[in-house]
Number of protein chains: 2
Amino acid sequence: MSLDKRKIAILKAIISSYIDNAEAVGSRTISKKYELGVSPATIRNEMSDLEEMGFLIQPHTSSGRIPTDKAYRYYVDDLWKKVKKSKNPNLDKLKSIIEDKSSELDSIFRNSVRILSQITKYTSFVVAPQLKQSVIQRIQLVPVSEYTVLLLIILQSNIVKQVMLRLNSPIPSDQMERISVSLSEKMHGHKLGDLEKIKDSIIRELYITRESNNDALMDLLPYLMDQMTGLEEVNVFSDGITNILDLPEYNDIVKAREFISFVEDKHSMARLFQNAEDINSDLEISIGSENKTVELKDCSLITATYKLNGKLIGRIGVIGPTRMDYSNVIKTVKSISEAINEIINQNYNGEYKE
Amino acid sequence: MSLDKRKIAILKAIISSYIDNAEAVGSRTISKKYELGVSPATIRNEMSDLEEMGFLIQPHTSSGRIPTDKAYRYYVDDLWKKVKKSKNPNLDKLKSIIEDKSSELDSIFRNSVRILSQITKYTSFVVAPQLKQSVIQRIQLVPVSEYTVLLLIILQSNIVKQVMLRLNSPIPSDQMERISVSLSEKMHGHKLGDLEKIKDSIIRELYITRESNNDALMDLLPYLMDQMTGLEEVNVFSDGITNILDLPEYNDIVKAREFISFVEDKHSMARLFQNAEDINSDLEISIGSENKTVELKDCSLITATYKLNGKLIGRIGVIGPTRMDYSNVIKTVKSISEAINEIINQNYNGEYKE
DNA sequence: GTTAGCACTCTCAGTGCTTGAGTGCTAACC
DNA sequence: GGTTAGCACTCAAGCACTGAGAGTGCTAAC
């Protein structure tokens, strides 16, 4: 038994209908709504075949049929061929919305997820830069008050991380710059994630050099290093969580609660993309049981990467039911990730020109 | 008809029982669970009186009774007398949890709402500093790369706001400091919220002075001022939103959705505390219909202020059903707000000592 | 190979009945 | 006069039952 043209047409019709209505699709519905030129009885025969082939299941004997994950996979692969090369006509408009007011990374991400969930009507999220891989450019201390100093870690990607330090004793203002320079020298070129490892050796080196005369620095150092190594938190933004409450599949409070808990938990979201190997492709679609996480076995995940300097640093995407409007979501995720990529590579990666 | 001792005992018993079970309370239940020494029939008579006085209502003729907002108000006022002066034995423990790892404001707030919702099992939130009232201490530009500069706005409260600026042309490094000083001179002492108003006059003044020779500054200025005035966003953190899905009153998806949408919307949350006059008291309890917002007419809100320099800058609190565990929530909100106040006044307001 | 017809299945919404929790009222009690 | 037992009454909630409707699979005819 093979997937001939008519079977494909019927399968697509069933998937479309189910995506629209979330109701099991019967043969009569198909023959009425989609002009296939055959009677319900014929469609019934084909549907029976499709079920045997694993593309459809029947919730109960006398009901219509619903697509399986395998069917969605087929549908999406087919769709992808068409969308793959399509140009994005609204790129500039999207960019200006995303970059509205501020080109701060956080603001870019927040705007992106907002617009993504507005367009798709599903839940969207960004797993923001895992800065562990980022290389330190230099360190700058900025005095704030007598007993507080702002520590800026300027990364080579032009991202700036900040930590507020509390001092036990004031640092003379003439030493502030010297300390910044010393720290920069020691840390320049190291990855943020490696700080933990090289912490002790940096402290040792500074002890040996003339810097050990610098009391203020030596006092501050262990505390400062501690604060810096505690920076690797993953940032997750999400939006449109309530959108799923409009979907009939989440009429069940228990299911809704599970979903929301999962999405709201940064750690579970971050874990989705922990194994960097799996997520190399720019656009990744994971349908139902293809998800490794049990909690998402009824969901589909469409995510895209964003890169800086060609290096993958995070993912943006949409979570929805397996019955999602793949066509729209794929296009939207693709467009928005393209927009983000252009924005951050303009702003954080060298010669920006108006 | 007056609230004699027995009526009060019965009323409290009914409220307790309803807080625990969310089920209309009958006379038999009261006489069995709470030892009042009278028969159900007597309790029935008293309940009938309490209903007439507006403390109870009956959802339908043959059901038990549930407390009205008026009853909760009485209950809470009574409770407050006892809690008011109580000391908080866990203050130091709370402080260390809240200040875990970082004393960054954002991190303090995030930790606070997390622990607040964990303890209370309701939804908690912080409406973070409205910086409009904050006074600018000085301005500092920090070079990040050839075409990017980080603008730091250091406020007198030791809070630092940052904006990333993109340059059309590089600023010579010897001018960077001079620009910082000029800007600081002009803006020192002004409120962040007033920038919009004084923007033009600052630009004019700088034109008149020798600074107008400083091309880099004059190029940058309008863009910089625009970015600074766009900073007044309100920050809202929340946690434990899913907790409400465990409550029977939110078994209804529509109600749950309304609630979550409201809490997730920063603007609606911020609006709760817009009228500064209303919220002077350190601990504010707003029950059901006492809330001005229609969306919260079935909710109670328990919030506390946090202050810097004696000046109110934000609120932290809990939203839950009117049937909430007031005793626990009031104590917890009180403790946590005390902890926050101590932390931020140590860190952001002068002489910190270990 | 396609289709009309028919028997069959299963869900869903509506109906009526029963049960139980709770009330209000009355009359008796202390 | 306050308290209580007793009783009739009310209403929601759960349960069984029913009929309608949507859908299928099979068979026989086209």
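Fair warning: this is a prediction, and the values are worked out from it, not measured in the lab. A note on names: the letters A, B, ... follow the listed sequences, proteins ahead of strands, and every chain is numbered from 1.
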Quiz item: In the strands shown, is D:dC30 matched to any nucleotide by a Watson-Crick or G-U wobble pair with both distances under 3.5 Å, and which?
Solution: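 Because both required distances fall under 3.5 Å, D:dC30 counts as paired with C:dG1.
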
Quiz item: What is the pairing partner of D:dT24, taking Watson-Crick or G-U wobble pairs with both distances under 3.5 Å in any strand?
Solution: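 Its partner is C:dA7.
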
Quiz item: Taking N and O atoms by type only, does the side chain of B:S62 place a donor or acceptor under 3.5 Å from a partner on the base of D:dT10?
Solution: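 Yes, the side chain and the base share a sub-3.5 Å donor-acceptor pair.
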
Quiz item: Between the side-chain atoms of B:R28 and the base atoms of C:dG22, is any donor-acceptor pair under 3.5 Å?
Solution: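 When only heavy-atom distances are counted, B:R28 does not reach the base of C:dG22 through any donor-acceptor pair under 3.5 Å.
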
Let me know the distance between [atom1] of [X] and [atom2] of [N], rounded to the nearest Å.
X: B:Q58; N: D:dT10; atom1: CD; atom2: C1'; answer: 10 Å
X: B:L36; N: D:dT3; atom1: CG; atom2: P; answer: 12 Å
X: B:I43; N: C:dT23; atom1: CD1; atom2: C1'; answer: 14 Å
X: B:H60; N: C:dT23; atom1: NE2; atom2: C1'; answer: 10 Å
X: B:N45; N: D:dG2; atom1: CG; atom2: C1'; answer: 10 Å
X: B:E23; N: C:dA21; atom1: CD; atom2: P; answer: 12 Å
X: A:E46; N: C:dT3; atom1: CD; atom2: C1'; answer: 13 Å
X: A:L56; N: D:dT24; atom1: CG; atom2: P; answer: 10 Å

Less than 4.0 angstrom between a side-chain N/O of [X] and OP1 or OP2 of [N], yes or no?
X: B:T42; N: D:dT3; answer: no
X: B:T61; N: D:dC11; answer: yes
X: B:R6; N: D:dT3; answer: yes

Practice problem: Determine whether more than 12 heavy atoms belonging to other residues, nucleotides or ligands lie under 6.0 Å from atom NZ of A:K297. | Solution: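 No.
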
Quiz item: B:S27 side chain: which of D:dT24, C:dT3, C:dT23 is closest?
Solution: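 The answer is C:dT23, which lies nearest to the side chain.
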
Self-check item: Nucleotide of C:dT23, C:dT3, D:dG23 approaching A:A41 most closely (side-chain heavy atoms)
Solution: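 Of the candidates, C:dT3 comes closest.
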
Exercise. Between B:S39 and A:S48, just flag the one whose closest nucleotide in DNA chain D comes earlier from the 5' side.
Key: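 Closer to the 5' end of DNA chain D: B:S39.
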
Exercise: do [X] and [Y] side chains pair donor with acceptor under 3.5 Å:
X: B:S17; Y: B:Y34; value: no
X: A:D265; Y: A:S261; value: no
X: B:N291; Y: B:S286; value: yes

Quiz item: Base, sugar-phosphate, or nothing: which does A:R65 touch, judged by heavy atoms less than 4.0 Å apart?
Solution: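 If one applies the 4.0 Å heavy-atom cut-off, A:R65 turns out to touch the sugar-phosphate alone, with no base involved.
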
Practice problem: Please determine if B:D325 and B:K121 form a salt bridge, counting it only when a charged side-chain N lies under 4.0 Å from a carboxylate O. | Solution: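 Here B:D325 does not pair with B:K121 in a salt bridge, since their nearest N and O are not under 4.0 Å apart.
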
